[in-house]
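The figures that follow rest on heavy atoms only: side chains count, while hydrogens, waters and symmetry mates do not. Note on naming: letters A, B, ... go to the chains in the order of the sequence lines (proteins, then strands), and numbering restarts at 1 for each one.
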Protein chains: 2
Amino acid sequence: MSKRPAPNVKSKSNRRSLAQVRQDNSEHILRVAERLFSERGYSGTTIMAIAEEACLPKANILYYFHTKEALYQGVLSNILKIWMLSMNDMTPEQHPRDALRDYIIKKIRQSKEYPHASRIFAAEVLHGAPFLRKQLETDLKEQFDKTCDVFRQWIAKKWMDPVHPEHLMFMLWSSTQAYADVQVQSCILLNKSELDDQDYNDGADFLVRMVLKGCGINPV
Amino acid sequence: MSKRPAPNVKSKSNRRSLAQVRQDNSEHILRVAERLFSERGYSGTTIMAIAEEACLPKANILYYFHTKEALYQGVLSNILKIWMLSMNDMTPEQHPRDALRDYIIKKIRQSKEYPHASRIFAAEVLHGAPFLRKQLETDLKEQFDKTCDVFRQWIAKKWMDPVHPEHLMFMLWSSTQAYADVQVQSCILLNKSELDDQDYNDGADFLVRMVLKGCGINPV
DNA sequence: AAAACTTCTGACCAAATGGTCAGAAGTTGG
DNA sequence: CCAACTTCTGACCATTTGGTCAGAAGTTTT
């Protein structure tokens, strides 16, 4: 809730080039918007609320992003950038023991480091991906199919049990994603105001062990 | 999207007692509202939209539910009823092989039979449980703690590996919940317009196997 | 320092939204 | 069949919301 003042507040003459001002303000707005969208959803977030949290007049928000939808799209494209960037491809040559461990750890770290992004993504999917459909149908599906294929090759090599690749993917995705999505719920259930590093590590350890053993993969 | 006409449409003189009319209409409205809330979220759903889908004038919706929030609460309480009812308690005497299998199957069936309810619940949690906090803090937490305790007793009896009970609960919850939440996504990724029974069965089989083996539980 | 350009903002606006209300229409009990 | 009651609804209303715009303020270029 830190109402950090906008970069330009009360001091436009701070010797910053216009280009710099533009970039700073755009990013500032995107950050604030991301947080609010993740907390209240698309419809639940008003431009006025974003303006107040960003300490900028509403008209200024609309100067940078002409419509609410454009602002939301801006937030989403930021998110997808993070997503695609850090979604490493598992390869058939890697042993699943290492590949799956790395994947789980990376995904959980992502949930921890970008909780807003994770939640917006989840909400988007939950409501039928009205804004992301296209991207999911192309980029994400490609990634998904490729990874399932890797699983199949591992199975062929007897490196893991013949589990259903698609359902393994779902399970990996949902159980790692959960550490961002149900943070609130987790906190209620664990009686903590926030998940700490220990919790994330425990979660990762648990999942790695469960998945490897569950898939009949020799640990170490 | 079937705009099924309201029970009372065009025929109030159908010899139904007022009490009956009241109940029929309340239920009809709740059903429509549940669907819309699950598709568009709380803020994204307007009373007017509910009225149109229910084939009733807006004022009539507000006659039965004085405010939008009251209507949403009505939907939520319906949902919690389903939830609590079907969330069977696992017992320390049961063997985890059976208890966990039953739990997973039941949860996945629930995702299939009540997808709207599941999604509303997920969205609620995702946004910090603004309407459900109290209930989660009492009922759900109690359930959660009790079940973790059962896990610990199973572990003490050497019926399963010493896994972290809390994280096992998270994993069970999120991976079963997923079959309702990411239905859309799943459909995109699996190239289907809808998950069919086979998919749900495959999912249940996969999860049961994975969890039992992952927890070092002897199958059969 | 003046012209050209970008950034910023208060004042508006039309549409949508949640909600009210008076009275019509229908049902029930005596 | 009439009085009491419940259900229903069109017309209205205050507020909120996304968005516009003219012109002020600041920066860059010449």
Exercise. Look at N25(A) and dC8(C) and indicate whether a side-chain polar atom (N or O) is within less than 4.0 Å of OP1 or OP2.
Key: yes
Practice problem: Tell me which of A59(A) and S43(B) sits closer to the 5' end of DNA chain C, going by the nucleotide each one is nearest to. | Solution: A59(A)
Quiz prompt | Nearest-Å distance for atom pair CG/P, residues L62(A) and dC13(C) | solution = 18 Å
Practice problem: Measure the distance from CD1 on I61(A) to P on dC8(C) and round it to the nearest whole Å. | Solution: 11 Å
Quiz prompt | Euclidean distance, atom NE2 of residue H66(A) to atom P of dT6(C) [Å, nearest integer] | solution = 12 Å
Practice problem: Answer with yes or no after comparing the ring centroid distance for H167(B) and Y179(A) against a 6.0 Å cut-off, counting only values under it. | Solution: yes
Exercise. Measure the distance from NZ on K58(A) to C1' on dT16(D) and round it to the nearest whole Å.
Key: 9 Å
Practice problem: May I have the distance from I50(B) (atom CD1) to dG18(C) (atom C1'), rounded to whole angstrom? | Solution: 11 Å
Exercise. May I ask you to establish whether K68(A) and Y42(A) are in a cation-pi arrangement, using a distance under 6.0 Å from NZ or CZ to the six-membered ring centre and at most 45° from the ring axis?
Key: yes
Practice problem: May I ask you to say what I47(B) touches in the nucleic acid, namely base, sugar-phosphate or nothing, with a heavy-atom cut-off under 4.0 Å? | Solution: sugar-phosphate
Quiz item: Between R152(B) and E166(B), is the closest basic N to carboxylate O distance under 4.0 Å?
Solution: yes
Quiz item: Are any of Y63(B)'s side-chain N or O atoms less than 4.0 Å away from OP1 or OP2 of dC8(D)?
Solution: no
Quiz item: Within the structure, does a side-chain N or O atom of R22(B) lie under 4.0 Å from either OP1 or OP2 of dT7(D)?
Solution: yes
Practice problem: For the pair K141(B) and D145(B), find out whether any cationic side-chain nitrogen is under 4.0 Å from an anionic carboxylate oxygen. | Solution: yes
Practice problem: Taking only the side-chain heavy atoms of T46(A) (C-beta and beyond), determine which of dG18(C), dG18(D), dT9(C) contains the nearest atom. | Solution: dG18(D)
Quiz item: Given atom CD of E52(B) and atom C1' of dT17(C), what is their separation to the nearest angstrom?
Solution: 13 Å
Quiz item: Is there a donor N/O on one and an acceptor N/O on the other, under 3.5 Å, for the side chain of K68(A) and the base of dG19(D)?
Solution: no
Practice problem: Counting heavy atoms from C-beta on, name the nucleotide in dG18(D), dC8(C), dT28(D) closest to the side chain of Y64(A). | Solution: dC8(C)
Quiz item: What does T45(A) touch in the nucleic acid at a heavy-atom separation under 4.0 angstrom: a base, only the sugar-phosphate, or nothing?
Solution: sugar-phosphate
Quiz item: Nearest-Å distance, CD (Q20(A)) to P (dT6(C))?
Solution: 17 Å
Exercise. Please confirm whether F206(A) and F170(B) have ring centers closer than 6.0 angstrom.
Key: no
Quiz item: Just how far, in rounded Å, is P of dT9(D) from CE of M48(B)?
Solution: 12 Å
